[in-house]
Amino acid sequence: MVGGKHSPRGQGNSAFVLPALVFGAFLWGAPKIPDGMVPAAAYALAEYRVKRYVPQGLVSPPIDDLRETSVLVTASVIAQAIADGGASA
């Protein structure tokens with residue numbers, strides 16, 4: 001509770017970014033995770049968070065939103081792999 005207001009805890013790297021990063025690399029067939037995939041995952045989470053949760057006063061998505069958030073972040077990781085020409089499906 002902050003200032004009398006309950007604020008549920010959210011997760012960033014450990015729940016949303018890292019699993020989506022690895023899953024995106026796996027789905028795309030990347031033999032390694034290139035540097036460009038890391039910021040792609042982080043920016044995707046940040047953009048989604050700003051659109052969906054910041055107006056509600058949350059810093060991170062709640063863990064209940066793990067599936068939807070992971071799909072969006074994974075898609076961004078794969079898009080970055082395609083843009084970098086790193087691997088082929």
Residue pair Tyr43 / Pro39, side-chain heavy-atom distance below 4.5 Å: yes

Ala20 to Ser70 - nearest heavy-atom pair and separation: CB-O, 3.9 Å

Any pair counted as salt bridge (charged side-chain N to carboxylate O under 4.0 Å, His left out), so long as it reaches residues 16-42, sequence neighbours left out: none

Pairwise salt bridge (charged side-chain N to carboxylate O under 4.0 Å, His left out) hits with a residue in residues 64-74, at least two apart: Arg52-Asp65, Arg52-Glu68

Transitive ILVMFWY cluster of Val54, excluding itself - 4.5 Å side-chain cut-off: Val50

Option among Leu45, Leu72, Leu66 that satisfies the side-chain contact (heavy atoms from CB on, under 4.5 Å) test with Pro61: Leu45

Non-neighbouring partners of Glu47 that pass salt bridge (Lys or Arg N to Asp or Glu O under 4.0 Å), sequence neighbours left out: none

Heavy-atom closest pair, residues Ala81 and Met37: CB-CE, 3.6 Å

Between CD1 on residue Ile78 and CG on residue Leu27, distance to nearest 0.5 Å: 5.0 Å

Transitive ILVMFWY side-chain link Val71 to Tyr48, under 4.5 Å: no

Thr69 OG1 to Tyr53 OH distance, which is reported to the nearest 0.5 Å: 5.5 Å

Taking every non-hydrogen atom, the tightest pair across Gly36 and Gln80: O-CG, 3.3 Å

Ala41: partners by side chain to side chain contact (heavy atoms under 4.5 Å, CB included), with sequence neighbours left out: Val17, Leu21, Val73, Val77

Point-to-point distance, once rounded to the nearest 0.5 Å, from CZ of Phe16 to CD1 of Ile63: 4.5 Å

